[in-house]
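Report on one structure; see the data block that follows.
This is a predicted model, so every value here is computed, not measured.
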Amino acid sequence: MESARTLVRRTAWTCLLISAIVYQLFNAWIGVGTNDTENLESTLVYVAAGQFDRGPGSLYGPFSGSNPHVVIQAPLYYRLTWIAAKPLVALGIDRVAATLAAGRTLSYLSLIALLVIVARIAAGDGGSRLAAAWSAAMLAASAVISSFPVSVRPDTLGIALQTLGIALTIRGLNRPSRDYHGFIPPFIAFALAFCVKQHLVVGWGLSILILIYNYTRKNIDLKTLVVPIAAGSAIVLVYFAIEQATTRGMLIESIFVIPGLLGRVSAGSWRYVATVFGEIAKRSVGPIAIGAAAIPLVIGSNKRFRTTDRYLLVCLILEIAMTIALCKKSSGAWYNYAMQATVCGSILAARIVGSIEWSSISLVRPAALCLATLALLVSDVRIVVKAARNRFGEQAALRYLLNDPRVSALNRNERFFARLPQYNRMYGRDDAIVDDWLYSSYEAIHAVEPRSVWLKAKLTDGRVRLVVTPVMKSGEIPGLDEKLPELGYAHAARYGPYDVWERIGS
């Protein structure tokens with residue numbers, strides 16, 4: 001019987017480990033490639049790379065045809081990416097390629113740091129090395145974390161910093177002597193996370209409430225309550241003051257004022273909340289199944305619900321509530337807003353697995369855990385195969401298109417890819433790369449120069465001779481009322497998912 005339990009346990013771990021390897025091999029494959037690793041990565045590459053051309057003050061506008069790369073996130077990730085890209089540019093590497101490499105590297109280093117932090121949280125406060133291994137593997141296999149760790153996006157860095165704050169807060173709470181020295185580091189981490197993505201406030205807010213609670217119970221003194229909060233707040237205020245001056249007063253407007261205005265023109269709905277959480281659920285089938293299978297295995301045992309478990313559970317609930325609120329507020333929210341909840345849930349599930357007393361349970365019950373890890377493996381393989389198949393199909397159609405003499409004979413400034421920003425980065429007019437959804441929202445509140453002015457001019461001044469559109473939106477250009485035939489283009493060919501429009505008389 002004991003050998004059978006060992007076999008089941010090892011089989012579950014093997015499925016989990018293979019899931020993590022499969023997902024990270026896929027990420028490595030797309031991360032070293034030239035194509036976007038996720039939707040609209042090119043737009044954020046140009047946000048960071050634009051600092052080489054227009055200086056750091058241009059990060060938040062003014063947005064126009066000469067600076068169309070709108071951004072709504074806090075600035076720290078883009079500043080770090082720019083700084084990291086500078087040595088590559090000094091070596092003669094193109095600024096866009098250097099920014100792409102630097103941004104992806106920064107994100108991947110953030111993933112490595114996140115896995116280490118998660119393992120430390122899982123192993124501490126009554127945890128085990130098994131819990132540490134399971135938590136890191138579950139996170140590496142997570143389809144909610146997805147390809148963000150190999151993308152030029154601030155998400156992974158922000159989550160790593162907030163999780164570091166959570167880890168340091170728990171450590172401070174578990175120290176025999178709770179003084180302010182133990183709580184300053186986590187509040188610095190929370191402040192930096194906020195400077196990366198301004199919606200990362202749950203860990204910070206929860207830690208403040210915990211300190212207040214402990215102060216009212218006389219577990220800490222006033223200095224221990226005030227000093228860490230003041231330290232974190234000071235970092236944000238000083239950094240944002242510098243950025244506000246650097247961007248000529250555009251920082252506060254771009255990351256606080258405009259997001260509030262966008263809620264009026266691009267608000268989500270409960271139906272949209274259901275859509276996002278449906279996607280999150282699909283990507284979380286394995287972790288949810290692991291948690292559901294593991295919990296019955298510890299019921300009735302002497303497992304204690306420790307400080308770490310309580311903190312993570314409350315944080316998980318608050319993060320889910322925050323994700324609902326953000327999706328309700330904006331139709332631009334997506335499943336990446338559940339990344340922190342995924343981190344907390346993975347650690348909790350791993351700590352439960354790590355506390356199972358295998359020798360005291362029957363063989364049938366841990367078999368459910370084995371099936372749960374198998375479900376994770378099947379889910380990850382399905383997602384990876386589907387994503388790889390889509391990429392191969394798109395690339396085959398694109399190669400077919402680019403081999404057409406009508407296309408290959410033109411230089412890149414004579415080609416424009418509508419709704420396909422990465423192909424403008426690679427093969428078309430990179431001065432017209434925009435995030436269509438975000439730019440449309442900015443247009444609705446009159447915060448940018450309308451594309452009906454600058455983009456229409458680019459398409460009708462005679463220099464663009466060929467336009468490529470997705471078949472599903474053939475002939476339509478986001479931001480313009482006129483369709484391509486009205487702008488002087490005729491449909492020329494179709495290549496898989498792409499339609500080609502040629503300027504009449506060119």
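Using cut-offs of 30° and 60° for the angle between ring planes, the F190 and W204 rings count as parallel. Ring planes of W82 and F52: perpendicular class, angle over 60° (limits at 30 and 60°). Taking the six-membered ring for Trp and thresholds of 30 and 60 degrees, Y423 and Y498 have ring planes more than 60 degrees apart, a perpendicular arrangement.
Between Q198 atom CD and I72 atom CD1 the span is 7.5 Å, to the nearest 0.5 Å. To the nearest 0.5 Å, atoms OG (S284) and CE (M138) are separated by 9.5 Å. Note that the CZ atom of R425 and the OG atom of S42 stand 3.5 Å from one another [nearest 0.5 Å]. Between atom CD of residue E449 and atom OG of residue S66 there is a gap of 7.5 Å, rounded to the nearest 0.5 Å. Separation of atoms OG1 (T323) and CH2 (W334) is listed at 13.0 Å; rounding is to 0.5 Å. Residue N336 holds its CG atom at 9.5 Å from OG1 of T156, rounded to the nearest 0.5 Å.
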Just do the side chain to side chain contact (heavy atoms under 4.5 Å, CB included) check on M426 and T34 with the steps written out, would you? CA-CA 8 Å; M426 299 165 66; T34 56; 3.6 Å; yes
Before giving the answer on side chain to side chain contact (heavy atoms under 4.5 Å, CB included), spell out for V500 and L466 the whole-Å C-alpha distance, their side-chain angles and the decisive distance to 0.1 Å. CA-CA 7 Å; V500 176; L466 186 140; 3.6 Å; yes
If you apply the rule side chain to side chain contact (heavy atoms under 4.5 Å, CB included), what do you find for R95 with D53, and how did you get there? CA-CA 9 Å; R95 62 180 179 81; D53 300 328; 3.0 Å; yes
Could you walk me through whether I30 and S147 pass the side chain to side chain contact (heavy atoms under 4.5 Å, CB included) test, one step at a time? CA-CA 8 Å; I30 63 175; S147 60; 3.7 Å; yes
After noting the C-alpha distance and the side-chain angles of T37 and S151, does the key distance pass the side-chain hydrogen bond (donor to acceptor under 3.5 Å, both in side chains) rule? CA-CA 6 Å; T37 56; S151 300; 2.5 Å; yes
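Using a 4.0 Å cut-off between charged nitrogen and carboxylate oxygen, D499 and R494 count as a salt-bridge pair. Classification of E279 and K282 as a salt-bridged pair holds, one side-chain N sitting under 4.0 Å from a carboxylate O. The pair R463-E414 does not meet the salt-bridge criterion, since no charged nitrogen lies less than 4.0 angstrom from a carboxylate oxygen. A salt bridge does not link R419 with D436: every distance from a Lys NZ or Arg NE/NH1/NH2 to an Asp or Glu carboxylate oxygen is 4.0 Å or more.
In this structure, the side chains of V378 and V285 stay at 4.5 Å or more apart for every pair of heavy atoms. Counting only heavy atoms from C-beta outward, the side chains of V265 and L261 never approach each other to under 4.5 Å. Looking only at side-chain heavy atoms (C-beta outward), V196 and L192 stay at 4.5 Å or farther from each other. Annotation: side chain of I121 is in contact with side chain of L312 (closest heavy-atom distance under 4.5 Å). Looking at heavy atoms from C-beta onward, H491 lies out of side-chain contact with L484 at the 4.5 angstrom threshold.
Checked by atom type and distance alone, the side chain of S107 pairs as donor or acceptor with a backbone atom of R153 at under 3.5 Å. Of the possible polar contacts, none joining the E443 side chain to the P450 backbone as a donor-acceptor pair under 3.5 Å is found. In terms of modelled atom types and a separation under 3.5 Å, the side chain of Q51 and the main chain of Y78 share a donor-acceptor contact. Looking only at distances, no side-chain donor or acceptor of Q24 sits under 3.5 Å from a matching main-chain atom of A141. Checking side-chain atoms of Y442 against main-chain N and O of F63 turns up no donor-acceptor pair under 3.5 Å. R382 contributes no side-chain N or O that, together with a main-chain N or O of L377, makes up a donor-acceptor pair within less than 3.5 Å. Proximity of a side-chain donor or acceptor of S110 to a complementary backbone N or O of A160 within less than 3.5 Å is not detected. A distance-only check finds a donor-acceptor pair linking the side chain of R503 to the backbone of L459 [under 3.5 Å]. Using a distance-only test at 3.5 Å, with no hydrogens or angles considered, a donor-acceptor pair links the side chain of S142 to the main chain of I145. At distances below 3.5 Å, not a single donor-acceptor pair connects side-chain atoms of Y77 with backbone N or O atoms of G158.
Shown here for V152 and V45, the closest heavy-atom pair between the two residues is CG2-CG2, 3.8 Å. Counting all heavy atoms, side chain and backbone alike, N27 lies closest to S146 at ND2-O, 3.1 Å. Considering every non-hydrogen atom in both K197 and D155, the closest pair reads NZ-OD2, 3.1 Å. Of all heavy-atom pairs spanning I93 and A98, the tightest one is CG2-N, 3.8 Å. The two residues L438 and L262 have their closest heavy-atom pair at CD1-CD1, 4.0 Å. Here the closest non-hydrogen pair linking F26 and A388 is CE1-N, 4.2 Å.
W454 does not carry K458 over the face of its six-membered ring by the limits of under 6.0 Å from the centre and within 45° of the normal. Because its NZ or CZ atom is not both nearer than 6.0 Å to the ring centre of Y489 and within 45° of the ring axis, K483 does not count as a cation-pi partner of that residue. A cation-pi arrangement is found for R283 relative to Y335, the charged atom lying closer than 6.0 Å to the ring centre and inside a 45° cone about the ring normal.
Residue pairs meeting the side-chain hydrogen bond (donor to acceptor under 3.5 Å, both in side chains) criterion with at least one partner in residues 240-253, sequence neighbours excluded, are R79-E243, Y239-E243.
Checking I255, V47, I258 one by one against Y60, the side-chain contact (heavy atoms from CB on, under 4.5 Å) holds for a single residue, I255. The residue from E319, Q162, H199 that alone fulfils the side-chain hydrogen bond (donor to acceptor under 3.5 Å, both in side chains) condition with Q340 is Q162.
Ring-centre distance between Y23 and W29: not below the 6.0 Å cut-off.
Side chain to side chain, N35 and R391 fail the donor-acceptor criterion of an N or O pair below 3.5 Å.
For Y495, the ring-ring contact (aromatic ring centres under 6.0 Å, His included) criterion is met by Y400, not counting sequence neighbours.
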